[in-house]
2 protein chains.
Amino acid sequence: MTRTSDRAQRSGHHGVSIDDVAAAAGVSTATVSRAVRGLPRVSPATREKILGIAADLGYVASSSASGLATGRTRTIGVLAPFVSRWFFSQSLEGADRELHARQYGLSLFNLGGHGSNRERLFNKTMVYKQIDALLVLCMALSHEEIEHLHKLDIPLVVVGGHVEECAYIGIDDYAAAADAVRHLIDIGHRDIALLHGDDATDLNFDVPRIRIRAYQEMMTAAGLDPRPEWDEAGDFTLASGQRAFRRLWTKPGPKPTAIFCAADEMAMGVIFEAKRAGVRVPEDLSVIGIDDHEFSAAVGLTTVAQRPDEQAELATRMLLDELGGAAGSVRSVVAPHRLIVRTSTAPPRRA
Amino acid sequence: MTRTSDRAQRSGHHGVSIDDVAAAAGVSTATVSRAVRGLPRVSPATREKILGIAADLGYVASSSASGLATGRTRTIGVLAPFVSRWFFSQSLEGADRELHARQYGLSLFNLGGHGSNRERLFNKTMVYKQIDALLVLCMALSHEEIEHLHKLDIPLVVVGGHVEECAYIGIDDYAAAADAVRHLIDIGHRDIALLHGDDATDLNFDVPRIRIRAYQEMMTAAGLDPRPEWDEAGDFTLASGQRAFRRLWTKPGPKPTAIFCAADEMAMGVIFEAKRAGVRVPEDLSVIGIDDHEFSAAVGLTTVAQRPDEQAELATRMLLDELGGAAGSVRSVVAPHRLIVRTSTAPPRRA
DNA sequence: TTGAAAGCGCTAACAA
DNA sequence: TTGTTAGCGCTTTCAA
């Protein structure tokens, strides 16, 4: 049985191969390969003929085969600790926009909820050898992991945080947090609570800490004393914001007049729970966040806005440029942030 | 130059290959292949030795190569019209859970915002031949697309909606919507507005229509008249809910005492905008949605809950079972929904 | 239990 | 401009 008839037998099952197209067009596979990829060295007539036949036959190249031959998969990996949080889904959208435009695929590696599966992910067949570059979202990477990645020498950039020795794209977290706290101070608050992101989990590396430090230093600089009993921890979820508010308000002692939350999702949790408890925002409590979540405008949340989608889009563009041969395309860049004052903040009443 | 030395030269760049492991272990590549995949026909001693060496060398199989050899990529595709909407990010989480557990990869095909890029996606190298199965989220597929997919004969299931000739998993949309409307009627409402999902876009196939029909039929059955001027269209976003409320409230004429929204995100838009306009919920307006979005509990939104993550997880499990040889694993199933009464609905005051 | 060898479908020199 | 050919790294009979 010849190779061709052999394939023809299977053609119903698997797809049409390059040989089928070549045979039908009466040319070699090399020519088909050039034609379908838009490479030069194919006469217009031949190309047209081949393209027509390829379309008729419904030919589409096997990514495994071309991947094997070229060492490139035309796929980039996106590594995220979650996908259903605002920052990550926004980033995904942004990355995908760029990838889509450049005809690249996107492989998602979600670590959410999997806990220690993380190790598995890095050791198993998953990440390696099936992507040309890696976009890391808001995650700390261990030394080993970085080593590993560098050894593979695939382009790598992290969005939304800093990882040593890696290019990163994100806002200036210190400045953003400082802007938020300054706004509170500027409008007269002195009793400002903090709802920071937890850094017990390895997923949220230094960003939470930077925001905490900014808060502390802004307070100190303004001659204010951060009170330990007004320092709450959350995990960037709405629910954690609700819980934090409850803890804060059930504690004995004086209440803050404002609260700086390290993320909008937590800030909204505070707002919703305050409402439920009959605490008025902003009359009794001013609330400020960071992010400008999709819901923030509607809720009236004052916040420091950032655009993770644009950050991820830029990061992806760099990755793709680097793959395209433009060495040095991948580099760190600071993304913009800006304070948006809405209705969740106002001067304190009992000032 | 021998093949081996040739590879050795590149070993810094690309990864360690199966030949490297075989050479180091003094066995054939076939044995390494069996050993690392946990296949039988390898002596315990040999296996252990190979595994040790593979680990030392950091060997991980090339997915392109094994994909080419087996015709399987161990990757499933997820096709979604958006990723940052609640339903989709939830589904992604669910699908990923199952995939992760079974050591499969996830390739994301997001059509969001790309408009007509959709065609491109289906014709180009993207979807085909790089996935073993396809999970479609809430999307209508054209006849051609379905044909194409069926011809490839890769397992396919759609979550969150119906596509002719395809297995689907989702709630009973008619019943869910009817339950919502019935709740409103049960507590005494007669003037019930409708905020339905738009189906101008091809992305939201028949689900919106089903919910509209349920609303109409429930109303009629209760002897109530759906008023055309209280029929608003949204696109499942918060903002569209806000706009719908504004339109409804700036219209001359009587106002409804309740509004049934085809999705929580729109319902919350209505609630936030009502608040801003001084319309009290539920005193002046009862609002009900469908979904049980992450924010719904905090907002107090009465809704008909569903779990897209579990739906997608189940769908993925079916896909994987089918790939695993359990023919007939992929089938349609109706997912559960349930009414959750919170504080956004109450009997009308001016009943 | 292990190995040899023939592909999987495509790409990329190198020839023609 | 086009074709020949040798792999890419792995899997999988078939022998040994």
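Naming: A, B, ... by sequence-line order, numbering from 1 per chain.
Of the candidate nucleotides D:dG9, C:dT2, C:dA4, C:dA4 has the atom lying nearest to any side-chain atom of B:A30. The side chain of B:A69 approaches C:dG7 more closely than any other nucleotide in the set C:dG7, D:dT2, C:dC10. Closest approach to the A:S28 side chain among C:dC10, C:dA4, D:dG3 is made by D:dG3 (side chain taken as heavy atoms from C-beta onward). For B:Y59, whose side chain is taken as the heavy atoms from C-beta onward, the closest listed nucleotide among D:dC8, D:dT11, D:dC10 is D:dC10. When distances run from any side-chain atom of B:S66 to the nucleotides D:dG9, D:dT11, C:dC10, the shortest one goes to D:dT11.
Summary of the strand contacts: B:L68 and A:R37 both lie near DNA chain C, and taking for each the nucleotide with the nearest heavy atom, the more 5' one is attributed to B:L68.
Rounded to whole Å, the distance from CZ on B:R47 to P on C:dG3 is 14 Å. Put simply, CD on A:E48 is 15 Å from P on D:dT1, counting in whole angstrom units. Rounded to whole Å, atom C1' of D:dC14 lies 11 Å from atom CZ of B:R41. For the pair A:L39 CG and D:dT1 P, the computed distance is 13 Å after rounding to whole Å. As rounded to whole Å, 11 Å separates atom C1' of C:dC8 from atom CG of A:D19. Atom CD1 of B:I18 and atom C1' of C:dG3 are 13 Å apart (whole Å). Taking atom CD1 of B:I50 as the reference point, atom C1' of C:dG3 lies 12 Å away to the nearest angstrom. Atom CD of B:Q130 and atom C1' of C:dC10 are 14 Å apart (whole Å).
Taking the centre and axis of the six-membered ring of B:F82, the NZ or CZ atom of B:R85 falls inside the cone set by 45° and 6.0 Å.
A:S64 comes within 4.0 angstrom of no nucleic acid atom, judged by non-hydrogen atoms across all strands. Contacts of B:V32 with the nucleic acid, taken as non-hydrogen atoms under 4.0 Å apart, are absent.
Relative orientation of the A:H162 and A:Y168 rings is parallel, given thresholds of 30° and 60° on the angle between their planes.
Minimum interatomic distance between A:L68 and B:A65 (heavy atoms only, all atoms of both residues): CG-CA, 3.8 Å.
Proximity of B:T31 to the phosphate of C:dG3: a side-chain N or O atom is located under 4.0 Å from OP1 or OP2. At D:dC10, none of the side-chain N or O atoms of B:S33 fall inside 4.0 Å of OP1 or OP2 (strictly under the cut-off). Residue A:T70 places no side-chain N or O under 4.0 Å from the OP1 or OP2 atom of C:dA12. For A:S17, no side-chain nitrogen or oxygen approaches OP1 or OP2 of C:dG9 to under 4.0 Å.
Between the side chain of B:T75 and the main chain of B:T73, a donor-acceptor pair closer than 3.5 Å is present.
One finds a salt bridge joining B:R102 and B:E98 here, because a Lys/Arg side-chain nitrogen approaches an Asp/Glu carboxylate oxygen to under 4.0 Å.
Judged by distance alone, the side chains of B:S33 and B:R37 do bring a donor and an acceptor atom under 3.5 Å apart.
For B:R34 against C:dG3, a side-chain N or O and a base N or O form a donor-acceptor pair under 3.5 Å.
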